[in-house]
Amino acid sequence: MSQKSASTTPATQTAIPAEASGNPRLAKEKKLEGLIAAGIDPYPHVFPRSHQAQELQDTYKDLEAGVETEDAVAVAGRVMAMRNNGMFLDITDASGKIQVFCHKDTMSEDALKVLEFIDIGDIIGAEGTIRRTPRGELSVRAKKVTMLTKSLQPLPEKHHGLTDVEQRYRQRYLDLIMNEDARRVLRTRSQMIAIIRRFMHEKGAIEVETPMMQPILGGASARPFVTHHNALDADFFLRIAPELYLKRLVVGGLADSVFEINRNFRNEGISIKHNPEFTMIEAYHAYKDYNDIMTLIEDLVQTIAMEIHGATQITFGEHIIDLKSPWQRRSMVDLVKDYTHVDFMPMDAAQAHAEAKKLGVSVDPKANWGQVVEAVFGEMVEHNLIQPIHVTDHPLDISPLSKIHRSNPRLVERFESYINGWEMANAFTELNDPKIQFERFMEQVAQRDAGNEEAMMVDHDFVTALEVGLPPTGGWGMGIDRLCMIMTDMHNIREVIAFPTLKPLKD
RNA sequence: GACCGCGUAGCUCAGCCGGUAGAGCACCUGACUUUUAAUCAGGUGGUCGUGGGUUCGAAUCCCACCGCGGUCACCA
């Protein structure tokens with residue numbers, strides 16, 4: 001090792017065997033062995049870090065180029081680049097980047113020893129003094145460098161990172177290391193959820209948890225996952241919605257407002273807007289109706305946009321979307337009329353089918369009036385709803401848990417909020433008449449028997465709960481993943497989920 | 001599920017009118033030594049997704065399968 005002293009910088013002159021040449025993994029293994037042979041722990045327990053990288057960048061932002069300080073710091077992070085034979089190391093921690101300057105003159109023989117075994121990808125600690133190089137880069141002039149975690153895997157290509165979409169999700173850790181945007185999106189998601197929780201707590205709502213494993217399917221229309229509990233010898237559905245349990249808590253008077261932020265599971269296709277498990281907030285507010293909920297959702301989304309972007313206007317792809325309250329409110333039937341010049345309101349099912357056919361919308365021949373209207377809306381209207389809008393007053397036929405409209409018995413007091421053509425929220429004045437609810441359940445059962453796999457099952461205990469008495473209540477749910485997409489300008493739901501559902505690898 | 005596209009070194013990508021497989025990054029050796037995607041010289045590294053077919057000869061053409069992506073259909 002003494003030949004090193006001839007050079008002014010710690011050139012890496014390890015005795016790496018020839019067979020390691022060109023094999024990053026083997027070279028790293030050999031360096032790991034080298035560390036152990038030199039009595040250096042490649043995986044120490046702790047490191048006395050004094051600052052995060054960004055803290056130092058902020059604190060010393062006015063330090064002039066070429067200035068040395070006596071300020072002692074200890075930083076730690078992953079080595080992302082090495083220049084001049086390891087004289088300059090770029091390390092990144094969760095906050096950002098800082099350069100470590102390793103010059104022989106300021107390092108002891110022991111301290112230099114570690115440098116021989118450092119590769120890109122290793123996690124190291126550096127203790128020294130703050131300086132800004134003549135070229136203007138804030139650096140830690142190292143007195144000592146500590147191996148904190150020896151990495152045995154080569155990092156992806158440094159300019160391009162990982163591009164294979166599947167590999168990015170399978171090895172999200174590599175994606176996060178290499179891709180600033182991936183980090184940004186998941187951090188924004190976390191921030192967004194924190195804002196939602198605070199907003200709800202400020203409204204006096206309490207957060208609750210209800211079963212993910214449910215013996216009776218309910219609360220939404222979707223195909224479920226089924227699982228089995230051995231000791232009970234009973235099948236359970238992974239929930240498609242928490243709705244019926246949350247309303248039971250309102251019946252119980254646990255709080256006037258309850259909410260849950262958690263996963264739902266739907267056994268359906270995967271697309272850029274759909275992941276089999278997705279996160280929703282669902283909430284119920286006693287003594288409120290759907291008009292109150294519209295205002296609440298506008299407030300919430302506007303608050304999120306302001307805190308994340310500092311503005312209500314956001315960019316999504318080619319669109320500029322303004323989330324500022326108040327949002328437009330239009331009934332579903334009126335919107336269909338706007339876009340098709342056909343008024344479905346006075347029609348019966350047969351007439352509606354005929355009009356849908358004329359519009360070129362294919363509809364299940366067994367569909368009732370409401371289902372036809374819904375199909376036409378989905379085909380002709382939905383994708384146009386770029387700016388935020390509440391689509392209100394859905395057909396009774398498609399809304400088995402909503403209260404009948406106070407001025408039109410064919411409709412219910414329900415709305416769905418759309419942004420960027422996507423359904424973002426679904427809400428209604430809750431049906432709390434137990435007899436009507438029981439009838440609606442029976443209609444669902446009839447649909448189920450007729451082959452509709454998405455129809456609900458009858459939940460007798462839920463009817464009992466309504467018989468005990470649910471106060472007048474407004475309820476809503478909103479897809480967190482989609483909202484996160486809107487807020488981060490991400491166009492695939494998998495970008496906003498750390499570990500999206502993938503086909504398992506074989507073997 | 002249907003249609004279209006892609007699968008080449010650890011990573012990012014060329015090569016595809018058939019003729020022995022290339023670059024950059026990473027890795028190894030050396031040079032340089034206040035760099036910023038450091039630079040320079042040399043080197044290692046590939047059953048070209050899998051299986052079959054056509055051909056004297058296939059990464060390249062054909063078929064099947066697997067995997068992934070996109071579009072469409074269903075769904076939040």
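Just so it is clear, the structure is predicted and the values come from calculations on it, not from any experiment. Each chain gets a letter, A, B and so on, in the order its sequence line appears, and its residues count up from 1.
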query: Would you call A/Glu180-A/Arg184 a salt bridge at under 4.0 Å N-O?
result: no

query: Between atom CE in A/Met82 and atom C1' in B/rA37, what is the gap in whole Å?
result: 16 Å

Lys/Arg N to Asp/Glu carboxylate O, A/Lys28 vs A/Asp122, below 4.0 Å: no

task: Mark yes or no for whether A/Asp459, through its side chain, and A/Phe462, through its backbone, hold a donor-acceptor pair below 3.5 Å.
output: yes

- request: Using the side chain to side chain donor-acceptor pair (under 3.5 Å) rule, collect all pairs that involve residues 123-134 of chain A, keeping only residues at least two apart or in two chains.
  value: A/Glu68-A/Arg131

- request: Report the distance from atom CD1 of A/Ile177 to atom P of B/rC11, rounded to the nearest whole Å.
  value: 15 Å

statement: Testing B/rU34, B/rG69, B/rG67 for proximity to the side chain of A/Arg141, the answer is B/rU34

Whole-Å gap separating P (B/rC32) and CG (A/Asn84): 12 Å

Nucleotide B/rC27, atom P - distance to CG of A/Leu26 in whole Å: 14 Å

Whole-Å distance separating the CD atom of A/Glu29 from the P atom of B/rA26: 21 Å

task: Calculate the interatomic distance between A/Leu162 atom CG and B/rG7 atom P; express it in whole Å.
output: 18 Å

- line: Of B/rU34, B/rG69, B/rC75, the nucleotide closest to the side chain of A/His274 is B/rC75

task: Indicate yes or no: does A/Arg172 engage A/Asp175 in a salt bridge with an N to O separation below 4.0 Å.
output: yes

query: Counting side-chain heavy atoms from C-beta on, which of B/rC11, B/rC75, B/rU36 comes nearest to A/Glu454?
result: B/rC75

message: How many whole angstroms separate atom CD of A/Gln99 from atom P of B/rU36?
response: 10 Å

task: Please figure out whether A/Met280 or A/Glu137 has its closest RNA chain B nucleotide nearer the 5' end.
output: A/Glu137

message: Base of B/rC32, side chain of A/Asn85 - is there a donor-acceptor contact under 3.5 Å?
response: yes

query: With distance as the sole test, does A/Glu157 use its side chain to make a donor-acceptor pair with the main-chain N or O of A/His160 at under 3.5 Å?
result: yes

statement: What residues 358-365 of chain A contributes to the RNA chain B interface at heavy-atom separation below 4.0 Å is none

- prompt: Are A/Glu495 and A/Arg168 ion-paired here, with the side-chain N under 4.0 Å from a carboxylate O?
  reply: yes

task: Looking at every strand, decide which applies to A/Asn492 at a 4.0 Å heavy-atom threshold: base, sugar-phosphate, or nothing.
output: sugar-phosphate

task: Starting from C1' on B/rC6, measure out to CD on A/Glu166 and report it in whole angstrom.
output: 13 Å

